[in-house]
Undergrad: 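Handing you this structure, nothing more for now.
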Amino acid sequence: MRNPREELSSYTAEMSDPVSPEIEALLKEDRSFAPSEEFCRNAAVNDPDIYAKAAKDPERFWENFAKELEWIQPWSTVLEWNPPNAKWFIGGKLNISANCLDRHVRTWRRNKAAFIWEGEPGDRRTLTYFDLYRQVCQFANVLKSLGVKKGDRVALYMPLVPELAIAMLACARVGAVHSVVFGGFSAESLSDRINDATATVLVTADGGYRRGAIVPLKQVADEALEKTPSIKHVVVVKRGFGDIPVHIKEGRDHWYHRLMQDAPYDCPAEVMDAEDMLYILYTSGTTGKPKGIVHTTGGYLVGCYATTKWVFDLKEDDVYWCTADIGWVTGHSYVVYGPLANGATVVMYEGAPDWPRKDRLWEIVERHGVTVFYTAPTAIRAFMKWGTEWPAKHDLSSIRLMGSVGEPINPEAWIWYHLHIGGGRCPIVDTWWQTETGAIMITPLPGITRTKPGSATHAFPGISTEILTDKGDAVAVGGGLLAVTKPWPSMLRGIYGDPDRYVTQYWSRWGREIYFTGDGAKKDDEGYYWLLGRVDDVLNVAGHRIGTMEVESALVDHPKVAEAAVVGRTHEIKGQALAAFVTVKEGITPSEALADELKRHVAQKIGAIARPDDIIFSADLPKTRSGKIMRRLLRDIAEGKALGDTTTLADPAVVAKLKEQYESSEG
Ligand code: WTA
């Protein structure tokens, strides 16, 4: 059988194959689902002409959204484009925390729930917009008292608690740049990120709860703090019930609740330029070191505000739940900034979806009457595996719209989601975007788009995307590389501290004016986009971006490892799983125990999300004559394709033999 991935390989010479094996089935998908008449009638946007109107004058289109927000001083020019550097809303002054809070507390929304939060152990809190406003102002004053000034970097390493959003908004209020580090990352990942940004303050917590266990964040942070000379102060949120041990270092570490006790409630928002930095968020790329993606204030706010409003069709009485952790971009844009800018009620849940039972999420949907639900395909595939009896136990009839993000959604998962969570009545918005894009780029508009299971459909109005060949020719129908051909408000403004890499990574493939996404995609004969996965060395494991190089460096850092190559293989639930081919040093014998040790080592170095699923010992790594690792062969081996019986892999010489066979079969 011909490998469906081969189809795109001509566009991606020298790169990983972009297409997952399921793609063939995906592209045969011919079902489609139109939104109900009632949904269309009430939708935030239901005029299909909006695409043409926005395309005619995208700057005007974005400007109209900007006008719905609160500016201290209006902009004079919408866009200044010196490829690849864009500035949006030139001369405009605003504060994003004032747009998310002050703007609402002056209205009846003052007493509307901003966050409805549930902790994994079952504790609950609701914060109104006024509560949130007051706590953000207080924490902004705390940051000032610790010497934080406009432009300073503050690292946040927290569980999914309201204090994380409070800390982000407080940073934004005083003009400090936040850098959120996902709570699952290791001490080393944390210290690397703190050092790259030279953060002066770290906000963390004693820990968090996950699947009934404690994640001891402060302990991990303590280890990181041994290597972070820039940090002057550490603020510790007390999340636990006294069951999480914490060491407080006199002079450096402060309890959040003590500092908040005396902090004043009044804190005017700092006047920020539209192009002042709002945050840095690290993400994996093709090289070993994660890069700090920089977002600025005005354009980012406009992008998040507009997409949340139109894609999630928010109504005043919606109860909106995006299940992402705030440690990832989805949480930044669609748990915090987008929904709060829209004055929405946002549900937040700290823990695992299967704790204490596999209906935890459905219990939450029922309890709070969630109306808009946004999650990842990897979660949907887990729900499918657990069975329909779990959602069936609950009344999910409040849900009216559902979203998907983070990885391609396979049609089976789409249909299951549609039937068993959406009751067959809710539009599904499959939203494609990236940390770099800041906001949703390709998505249905729920009151307009006829959806097809597995397709993210069309670019959001005002966004210009194309499928290009490697040479830069546009593909009208067919596969190629996904590109963005015009600047957009929420686009990244750079890589922190590395302007060259910004240009080479994103703006060099077809010249300075076209953004390279790193994704392969296909356009069908109705102009629908089908995302096919990464074409670079970035893997997507359970919706998390992981660079193969990062995992390889972690492996070769182990004293027993000589060389390592990491590839992705298909995984039923996680989308992709990590398979690591490892050659050991002279005198070391590969063993099951060593494989476990290496998996632990990677988890320790990077974080549990990067723990390889398979370690395959090999006498040497198959290379081409020019010395490049034959990743395609390794992937085929990892998929079990090049090999009838995987148990023979216990013999390290087997990869060499496979290489021979492979070369002779390729002719
Ligand atoms: C992938 C997450 C297919 C894609 C918001 C992208 C998707 C990477 C989708 C960005 C989708 C995200 N369909 N693939 N709907 N959404 N991706 O930076 O490969 O964590 O490049 O941002 O996830 O991951 P990131």
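We count ligands from 1, going down the list as the structure has it; atoms in each ligand are counted the same way. Since the structure is predicted, the reported quantities are computational estimates derived from the model, not experimental observations. All values below were derived from every heavy atom in this structure, side-chain atoms included, with hydrogens, water molecules and symmetry-related copies excluded.
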Undergrad: Take Tyr529 and His458, measure what ring pair (Phe, Tyr, Trp, His ring centres under 6.0 Å) needs, and give me the verdict at the end.
TA: CA-CA 6 Å; Tyr529 283 90; His458 307 296; 7.5 Å; no

Undergrad: Do Val475 and Thr469 have side chains that get closer than 4.5 Å, going by heavy atoms?
TA: yes

Undergrad: Protein residues near ligand 1, heavy-atom distance below 4.0 Å?
TA: Val329, Thr330, Val405, Gly406, Glu407, Pro408, Asp430, Thr431, Trp432, Trp433, Gln434, Thr435, Asp519, Leu531, Arg534, Asn540, Arg545

Undergrad: Would you name the heavy atoms of Trp416 and Pro391 that are closest together and state the gap between them?
TA: CH2-CG, 4.1 Å

Undergrad: Counting only heavy atoms not in Lys486, do more than 12 sit closer than 6.0 Å to its NZ atom?
TA: no

Undergrad: For the ring pair Trp433 and Phe460, is the centre-to-centre distance below 6.0 Å?
TA: no

Undergrad: Hey, mind stepping through Tyr515 and Trp507 against ring pair (Phe, Tyr, Trp, His ring centres under 6.0 Å) and telling me if it holds?
TA: CA-CA 5 Å; Tyr515 172 83; Trp507 306 94; 5.4 Å; yes

